[in-house]
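For reference, the structure discussed in these notes is given below.
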Amino acid sequence: MATNKNQHYVPRSYLKAFTYNSEGKAINVFNLDRSKCISMAPVRNQCSRDYFYGNDDKLESAIQLVEQAYASTSSALLESPRALSKKHEIVLKRFWLLQYLRTEAASRRSVEMSNGIGEAAGISATEYNLGIKEAVLMAMKTYAECMDVVDDLKLCLVLNKTEYPFISSDDPAVLSNRWHLNDPRTKFRSFGLRTSGNLLFLPLSPKLMCLLYDGSVYSVSHKNGLVSVTRKDDVMSFNQHQILNCRANVFLKDIEHEAFVSESITECKANRLVERHRTTYAILESSNGGYSRYVVIDPKVAEEHGEAIIHSETIHHHPTSWPIIIKWRNKGTVYTNGTGVGYIRKHHALNQSEGFYKEPARQK
């Protein structure tokens with residue numbers, strides 16, 4: 001049996017940097033559904049569920065090893081960001097991936113996608129539907145099998161020199177892709193952990209952000225892995241990813257920043273997604289000369305038919321702005337998987353490259 005009944009999917013060692021004081025027992029929570037800030041909420045009740053990872057003591061111990069390494073690394077970097085080392089980079093990358101895969105929000109997205117496929121295929125819930133605990137265990141298996149999947153990304157720390165804080169959330173490890181969201185070639189396609197142009201965000205404290213980026217597409221002018229932001233707009237752009245990605249709550253250290261957080265939420269809340277996946281059902285309409293034509297229909301009202309295709313797609317949020325420190329790389333490239341149906345990073349690609357589209361300059 002697992003030692004701890006109350007298991008956190010966002011660990012207290014991570015949340016501590018956003019808590020009210022050094023004791024780490026209380027945190028200010030802004031709930032987006034109610035547009036209400038809850039002051040001094042107990043940390044022990046945030047981002048946790050009874051036996052979230054099940055009853056496997058070995059799994060719980062393995063997760064704690066990653067969390068302990070993160071706690072040590074974050075403590076050192078919060079004290080001296082310029083002390084960033086290769087070892088720190090590996091710890092941050094491993095922790096980001098674990099955190100990205102394991103939250104309740106991530107598990108619910110997996111469940112909703114799985115159930116959507118089952119519903120479209122006409123398979124009963126008892127036969128196909130995935131539960132939260134099964135989704136969590138699948139995520140942990142994925143982590144064990146591909147924990148180095150983001151190791152090829154460049155990493156830098158973003159030092160916040162403004163009076164406005166970075167915020168965190170109940171789903172703080174965020175995957176985005178500025179190139180993919182703007183390039184016409186990626187229309188009707190989604191992106192994943194191996195995709196060209198990825199941007200990964202993880203706030204470490206109100207004053208420090210961990211940024212991972214595809215160096216073939218973007219350029220960040222840092223010195224020894226450290227770059228500063230001095231504009232309120234940049235802080236708001238980073239914070240948008242927490243607001244758009246979270247399930248329900250964002251966390252702020254000081255209640256005096258409630259108005260700033262509320263302003264940030266107002267600016268981008270309309271871009272929050274109601275659903276994070278799309279399932280498309282298409283039936284065979286005709287075949288001719290080795291080519292087949294399918295037509296998209298609603299499976300609930302479809303008449304009896306033969307061959308069909310089910311396509312499931314993850315939908316990603318679109319921020320209203322991007323931090324100015326993340327620039328397009330001059331003569332940057334994206335890489336294909338050799339089939340022409342996907343764009344993956346050089347580390348994972350078959351050495352085929354293409355130039356990439358740059359979005360128009362932001363007007364702000």
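Below, each value reflects all heavy atoms present in this structure, side chains not excepted, and no hydrogens, waters or symmetry copies. Index from 1, following the sequence. No experiment lies behind these values; they were computed from the predicted model shown.
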When clusters are formed by joining ILVMFWY residues with side-chain heavy atoms under 4.5 Å apart, either directly or through shared neighbours, do [X] and [Y] land in the same one?
X      : Y      : value
Val220 : Phe166 : yes
Val29  : Met40  : no
Ile255 : Ile265 : no
Tyr218 : Val229 : yes
Met209 : Ile324 : yes

field: side-chain contact (heavy atoms from CB on, under 4.5 Å) against His88, all qualifying residues, sequence neighbours excluded
entry: Thr73, Ala76, Leu77, Leu84, Ser85

query: If you measure from the Lys or Arg side-chain nitrogens to the Asp or Glu carboxylate oxygens, is any gap between Asp151 and Arg94 under 4.0 Å?
result: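 Yes, charged N to carboxylate O under 4.0 Å.
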
Step-by-step side-chain contact (heavy atoms from CB on, under 4.5 Å) determination, Arg194 to Val149: CA-CA 7 Å; Arg194 292 180 171 87; Val149 69; 3.7 Å; yes

Does some side-chain heavy atom of [Y] sit less than 4.5 Å from a side-chain heavy atom of [X]?
X      : Y      : value
Phe238 : Pro203 : no
Val261 : Tyr164 : no
Cys156 : Tyr213 : yes
Pro206 : Ile167 : no
Trp322 : Asp234 : no
Phe201 : Val158 : no
Val174 : Leu202 : no
Cys210 : Phe95  : no

Euclidean distance, [Y] [atom2] relative to [X] [atom1], rounded to 0.5 Å:
X      : Y      : atom1 : atom2 : value
Asn249 : Lys36  : CG    : NZ    : 12.0 Å
Leu193 : Leu97  : CG    : CG    : 6.0 Å
Gln99  : Leu101 : CD    : CG    : 9.5 Å
Ser219 : Trp328 : OG    : CH2   : 12.0 Å
Ile38  : Glu258 : CD1   : CD    : 10.5 Å
Leu204 : Leu92  : CG    : CG    : 6.0 Å

task: Would you check, one step at a time, whether the test side chain to side chain donor-acceptor pair (under 3.5 Å) holds for Gln240 with Ser264?
output: CA-CA 7 Å; Gln240 276 197 30; Ser264 302; over 6 Å; no

Working for side-chain contact (heavy atoms from CB on, under 4.5 Å), residues Ile27 and Phe18: CA-CA 7 Å; Ile27 195 167; Phe18 297 91; 4.1 Å; yes

Surrounding [atom1] of [X] (heavy atoms of other residues, nucleotides or ligands, distance under 6.0 Å), is the total greater than 12?
X      : atom1 : value
Arg272 : CZ    : yes
Lys207 : NZ    : yes
Glu79  : CD    : no
Asn288 : CG    : no
Lys269 : NZ    : yes
Asn31  : CG    : yes

query: Tell me, which pairs form a salt bridge (Lys or Arg N to Asp or Glu O under 4.0 Å) where one or both residues lie in residues 16-29, sequence neighbours left out?
result: none

Looking only at heavy atoms, which two atoms of [X] and [Y] are closest? And how far apart?
X      : Y      : result
Tyr14  : Ser168 : OH-OG, 2.7 Å
Cys246 : Ile243 : SG-O, 3.6 Å
Cys37  : Leu252 : SG-CD2, 4.1 Å
Ala173 : Asn245 : O-ND2, 4.3 Å
Arg102 : Pro11  : NH2-CD, 2.9 Å
Tyr281 : Ala308 : OH-CB, 3.5 Å

query: Taking ILVMFWY side chains as joined if any heavy atoms are under 4.5 angstrom apart, and letting links pass through other members, which residues group with Leu284?
result: Tyr294, Ile309

message: Between Thr314 and Ser190, do the side chains contain a donor N or O and an acceptor N or O under 3.5 Å apart?
response: no

task: Could you give me the CA-CA distance, side-chain angles and deciding distance for Leu181 and Thr186, then say whether side-chain contact (heavy atoms from CB on, under 4.5 Å) is met?
output: CA-CA 8 Å; Leu181 292 172; Thr186 64; over 6 Å; no

- prompt: Which is it for Thr333 and Ser216 under the side chain to side chain donor-acceptor pair (under 3.5 Å) test, yes or no, and what are the steps along the way?
  reply: CA-CA 6 Å; Thr333 55; Ser216 295; 4.6 Å; no

Sidechain-backbone polar pair: [X] side chain, [Y] backbone, donor-acceptor under 3.5 Å:
X      : Y      : answer
Ser74  : Ala71  : yes
Thr195 : Gly192 : yes
Arg329 : Gly215 : yes
Asn182 : Arg178 : yes

message: Under the rule for ring-ring contact (aromatic ring centres under 6.0 Å, His included), what residues qualify as partners of Tyr20, not counting sequence neighbours?
response: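 Scan of Tyr20 (ring-ring contact (aromatic ring centres under 6.0 Å, His included), adjacent residues dropped) gives none.
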
statement: Residues at least two apart in sequence or cross-chain that pass ring-ring contact (aromatic ring centres under 6.0 Å, His included) with His316, listed by chain then number, are Phe191

- line: The residue among Glu163, Glu263, Glu267 that forms salt bridge (Lys or Arg N to Asp or Glu O under 4.0 Å) with Lys232 is Glu263

field: Ser169 and Asp171: CA distance, side-chain angles, deciding distance, side chain to side chain donor-acceptor pair (under 3.5 Å) verdict
entry: CA-CA 5 Å; Ser169 71; Asp171 197 8; over 6 Å; no

Show me the donor-acceptor pairs, under 3.5 Å and distance only, between side chains in residues 136-144 and residues at least two apart or in other chains.
| unit_1 | atom_1 | unit_2 | atom_2 | d |
| --- | --- | --- | --- | --- |
| Lys141 | NZ | Glu145 | OE2 | 2.5 |
| Thr142 | OG1 | Met138 | O | 3.0 |

message: Walk me through whether Arg189 and His180 qualify under side-chain contact (heavy atoms from CB on, under 4.5 Å).
response: CA-CA 9 Å; Arg189 297 175 181 171; His180 204 283; 4.1 Å; yes

task: Start with the C-alpha gap between Asn198 and Asp214, add the side-chain angles, then the distance that decides, and say whether side chain to side chain donor-acceptor pair (under 3.5 Å) holds.
output: CA-CA 6 Å; Asn198 275 354; Asp214 182 353; over 6 Å; no

